[in-house]
Chemist: 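Quick one: the structure is below, questions incoming.
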Amino acid sequence: MQQEPKHGLRFWLGNGVLALAALFLLLMDQVAQWLGMGAVALWMGLVAVGVYLIVKDGGK
């Protein structure tokens with residue numbers, strides 16, 4: 001009997017986006033010099049999309 005995967009594709013995509021947001025946060029100083037306050041908005045958008053994908057997965 002095969003087990004179904006515990007987490008779906010959205011979960012892994014969400015984790016990937018959050019990892020990208022974490023890397024972005026480490027480089028925030030340089031990015032903020034280029035984009036100004038837009039860098040913070042972009043980071044918040046990445047985090048929101050990552051969390052949304054994880055929550056919508058629902059542990060399927």
Side-chain angles (χ1 to χ4, degrees):
M1 204 157 113
Q2 262 185 332
Q3 288 183 323
E4 292 184 30
K6 188 172 183 177
H7 298 293
L9 180 61
R10 286 183 183 168
F11 176 82
W12 295 112
L13 285 175
N15 277 319
V17 171
L18 287 176
L20 181 63
L23 179 64
F24 189 89
L25 192 59
L26 290 173
L27 303 171
M28 182 62 82
D29 186 43
Q30 291 91 3
V31 177
Q33 289 177 6
W34 298 327
L35 299 176
M37 287 303 292
V40 175
L42 183 59
W43 177 77
M44 288 190 298
L46 280 172
V47 171
V49 168
V51 170
Y52 174 79
L53 288 170
I54 289 173
V55 169
K56 289 305 278 185
D57 182 63
K60 292 179 182 175

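In this text the structure is predicted, and so the values were computed from the model without any measurement.
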Chemist: If you measure from CD1 on Ile54 to CH2 on Trp12, what distance do you get to the nearest 0.5 Å?
Modeler: 9.5 Å
Chemist: Would you please name every residue forming a side-chain contact (heavy atoms from CB on, under 4.5 Å) with Leu13, sequence neighbours left out?
Modeler: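 Leu13 satisfies side-chain contact (heavy atoms from CB on, under 4.5 Å) with Leu9, Leu53 only.
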Chemist: Table please: side-chain donor-acceptor pairs of residues 14-43 below 3.5 Å, with sequence neighbours left out.
Modeler:
residue, atom, partner, partner atom, Å
Asn15, ND2, Phe11, O, 3.4
Trp43, NE1, Ala21, O, 3.2

